[in-house]
Amino acid sequence: MISFSLTEEQEALKAMAREFAEKEMKPKAAKYDEGHEFPEDVMKKAFEVGFLACKIPEKYGGGGLSDIDTVIVSEELAAGCAGMYTTMMVNALAYTPIILFGTDEQKKKFLTPHAKKMSFAAFCLTEREAGSDAGALKTTAKKVGSEYVINGSKCFISNAGIASLYVVFANSNPNKGMRGLSAFIVPRETPGLTIGKVEDKMGQRASNTAEVIFEDVKVPEENLLGKEGIGFIIAMKTLDKTRAPVGAAGVGVARAALQYAIEYAKTRIQFGKPIALFQHIGFQIAQMAMEINAARHLVWHAAWLLDQGKPCGKESAMAKTYGSDVAMRITTECLQILGGYGYMKDYPMEKLMRDAKLLQIYEGTNEIQRMVISREVIGPIK
Ligand code: COS
């Protein structure tokens with residue numbers, strides 16, 4: 001059966017996220033972008049209303065949001081500020097390997113405290129020499145007695161500098177290549193874990209992105225997720241789950257840009273009439289509205305498949321790619337509608353455009369997504 005109607009709870013969740021974005025995020029978005037600062041006051045409130053732990057299952061004290069719930073919330077939060085959205089939803093990214101592969105004991109030990117107190121987590125996969133080619137990562141985890149000793153470094157890690165918990169992918173059997181990868185839960189206070197360079201980003205500047213360095217970091221074997229050698233699969237299954245929300249964030253950013261451009265076009269008078277009455281602008285607005293709807297439908301379909309437990313690697317990749325491409329295209333076009341004003345920092349459009357760009361890059365570049373989609377669509381070649 002196909003249905004686009006939301007439940008009463010989902011409508012309430014959407015309204016709450018929209019109000020939070022309007023009242024708490026939007027008014028402070030420019031300040032935290034300009035200052036490249038961690039929005040602590042906003043995050044405290046986000047924790048109070050449950051967004052930081054929204055993906056932690058209810059059994060462990062969190063919000064237990066479904067995948068459809070998650071994309072609804074993601075669209076709304078990203079419409080408020082994509083950088084703040086990323087700070088919140090990277091928690092979901094880092095909790096997902098534990099939710100999917102952790103034991104009951106690991107979930108109680110590591111997730112429950114995050115549901116009780118404002119906390120952040122980071123997903124440590126990317127390295128300087130292993131970005132798109134995630135399987136080629138060089139960080140090692142050597143088994144010594146009942147511990148693993150982790151050495152290496154990770155880069156471009158969202159939430160790195162503010163996290164108290166890291167899910168770290170390392171090779172515990174380098175002879176096996178990507179089949180030697182394993183995933184570990186590493187608490188912040190573990191000796192040898194340090195934070196390196198904090199990145200100065202073009203957009204999403206309210207989100208913290210930094211390097212994480214591991215020098216003889218010892219973790220007990222109880223912190224291994226699943227079993228040795230399935231780290232790559234853990235990473236891929238996690239990303240299958242988290243890519244649709246990135247598409248949803250693209251929808252949110254695009255929607256915010258279009259809404260602003262429409263208000264502007266209705267009041268900006270040129271040649272004696274509002275520019276919204278020029279056919280070119282009207283058609284542009286129609287095209288953008290169609291693309292936003294199309295992107296949302298792809299996102300909701302991927303989230304629905306996830307909730308049904310059906311395979312959705314291709315659909316998640318489509319949702320992420322189309323949603324983020326639409327965000328980039330629409331923020332660029334909306335900026336053009338504002339002309340010179342769009343290019344100035346006094347208006348929100350240039351930030352939306354800078355923020356959109358990162359959505360095409362993180363959680364797997366859109367080129368990698370196209371590779372995932374094309375492999376499945378083309379199928380085996382004899
Ligand atoms: N679910 C389950 N298993 C998966 C999977 C998925 N979504 N994707 C791949 N696998 C499995 C494959 O089935 C294969 O297993 P077998 O060898 O047993 O058949 C194994 O994993 C290797 O997969 P593949 O051959 O596709 O690996 P490639 O190196 O060719 O490609 C890509 C892997 C490029 C898809 C992967 O490295 C990737 O997603 N890179 C981007 C990383 C990323 O998103 N980084 C962002 C950082 S997090 S913010």
Side-chain angles (χ1 to χ4, degrees), residues 90 93-103 106-107 109-110 121-161 163-197 199 209-243 313 361-365 367-369 371-372 375:
V90 163
L93 169 67
Y95 298 146
T96 298
I98 306 177
I99 295 168
L100 294 179
F101 292 89
T103 59
Q106 287 173 328
K107 289 175 192 174
K109 182 168 175 191
F110 296 108
F123 180 83
C124 301
L125 179 67
T126 302
E127 299 182 0
R128 293 261 164 228
E129 306 300 329
S132 290
D133 188 6
L137 62 82
K138 295 282 180 292
T139 295
T140 55
K142 195 168 177 223
K143 184 96 188 269
V144 182
S146 60
E147 291 179 325
Y148 286 92
V149 184
I150 303 176
N151 277 290
S153 69
K154 301 285 174 177
C155 68
F156 303 152
I157 304 301
S158 303
N159 283 358
S164 56
L165 190 72
Y166 301 80
V167 171
V168 181
F169 294 85
N171 204 319
S172 53
N173 193 346
N175 295 332
K176 288 192 170 175
M178 72 166 65
R179 285 182 187 78
L181 298 197
S182 302
F184 302 90
I185 306 169
V186 186
R188 172 74 178 93
E189 64 278 7
T190 314
L193 187 160
T194 52
I195 304 305
K197 183 177 176 235
E199 303 294 347
T209 308
E211 232 177 354
V212 189
I213 300 155
F214 303 88
E215 287 168 306
D216 287 332
V217 170
K218 296 188 179 96
V219 290
E221 59 189 357
E222 299 86 75
N223 288 23
L224 172 71
L225 278 170
K227 56 181 185 176
E228 270 195 46
I230 63 160
F232 191 74
I233 303 295
I234 295 179
M236 292 302 111
K237 284 197 176 292
T238 297
L239 291 165
D240 281 351
K241 274 231 171 242
T242 58
R243 281 173 178 159
I361 298 171
Y362 71 14
E363 297 209 23
T365 62
E367 289 70 26
I368 285 297
Q369 309 306 319
M371 191 171 108
V372 169
R375 278 179 179 179

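Between atom CD of residue Glu228 and atom CZ of residue Arg179 there is a gap of 15.5 Å, rounded to the nearest 0.5 Å. Rounding to the nearest 0.5 angstrom, the gap separating the CZ atom in Phe232 from the CG atom in Leu125 is 8.0 Å. Remark: Thr96 OG1 to Lys241 NZ distance equals 7.0 Å, nearest 0.5 Å. For the atom pair Phe214 CZ and Thr140 OG1, the distance stands at 11.0 Å (nearest 0.5 Å). Between the OG1 atom in Thr103 and the CG atom in Leu224 there is a gap of 10.0 Å [rounded to 0.5 Å]. Taken to the nearest 0.5 Å, the SG atom of Cys124 stands 11.0 Å off from the CG atom of Leu137.
Between the Gln106 side chain and the Ile98 main chain, no donor and acceptor come within less than 3.5 Å of each other. Side chain of Asn151 to backbone of Asp216: a donor-acceptor contact under 3.5 angstrom is found. Judged purely by atom type and a 3.5 angstrom limit, Glu127 uses its side chain to pair as donor or acceptor with the backbone of Lys138. Judged by distance alone, with hydrogens and angles left aside, the side-chain atoms of Thr365 form a donor-acceptor pair with the main-chain N or O of Ile368 at under 3.5 Å. No donor-acceptor distance shorter than 3.5 angstrom exists from the side chain of Asn223 to the backbone of Phe184, with no hydrogens or angles considered.
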Could you check Ile195 against Ile213 for side-chain contact (heavy atoms from CB on, under 4.5 Å), going step by step and ending with a plain yes or no? CA-CA 6 Å; Ile195 304 305; Ile213 300 155; over 6 Å; no
Go through the steps to decide whether Phe123 and Phe169 satisfy the test ring-ring contact (aromatic ring centres under 6.0 Å, His included), and finish with yes or no. CA-CA 8 Å; Phe123 180 83; Phe169 294 85; 5.1 Å; yes
Criterion side-chain contact (heavy atoms from CB on, under 4.5 Å) on Leu193 and Val186, from CA distance to verdict: CA-CA 9 Å; Leu193 187 160; Val186 186; 3.6 Å; yes
Determine, step by step, whether Ile230 and Phe101 satisfy the side-chain contact (heavy atoms from CB on, under 4.5 Å) criterion, reporting the C-alpha distance in whole Å, the side-chain angles of both residues, the deciding distance to 0.1 Å, and the verdict. CA-CA 10 Å; Ile230 63 160; Phe101 292 89; 4.1 Å; yes
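Side-chain contact between Lys218 and Tyr148 is absent, with no heavy-atom pair separated by less than 4.5 Å. Residues Val167 and Leu93 have side chains not in contact (no heavy-atom distance under 4.5 Å, counting atoms from C-beta outward). For the pair Glu363/Thr242, a side-chain contact is recorded, criterion being any heavy-atom separation below 4.5 Å from C-beta on.
Between Ala170 and Ile150, the shortest heavy-atom contact is CB-CG2, 4.5 Å. When all heavy atoms are compared, the tightest approach of Thr139 to Lys154 is OG1-CE, 3.6 Å. Scanning both residues, Ala94 and Ala121, for their nearest heavy atoms gives CB-CB, 3.5 Å. Minimum heavy-atom separation, Ala122 to Ser158: CB-O, 3.5 Å. Residues Leu181 and Gly135 come closest through the heavy atom pair CD1-CA, 4.2 Å. Between Pro97 and Ile234, the closest heavy-atom pair is CB-CG2, 3.7 Å.
Thr209 is linked by a side-chain hydrogen bond (donor to acceptor under 3.5 Å, both in side chains) to Lys201, counting only residues two or more places apart in sequence or in another chain.
Between the side chains of Ser182 and Ser172, at least one donor N or O lies within less than 3.5 Å of an accepting N or O. Side chains of Ser132 and Glu367: a donor-acceptor N/O pair is absent below 3.5 angstrom, by distance only.
Of the charged side-chain nitrogens involved, none lies within less than 4.0 Å of a carboxylate oxygen, so that Glu211 and Lys197 do not count as a salt-bridged pair. Between Lys143 and Glu221 there is a salt bridge, with a side-chain nitrogen of the basic residue lying less than 4.0 Å from a carboxylate oxygen of the acidic one.
Within a 6.0 Å sphere centred on CD of Glu189, heavy atoms belonging to other residues, nucleotides or ligands number more than 12.
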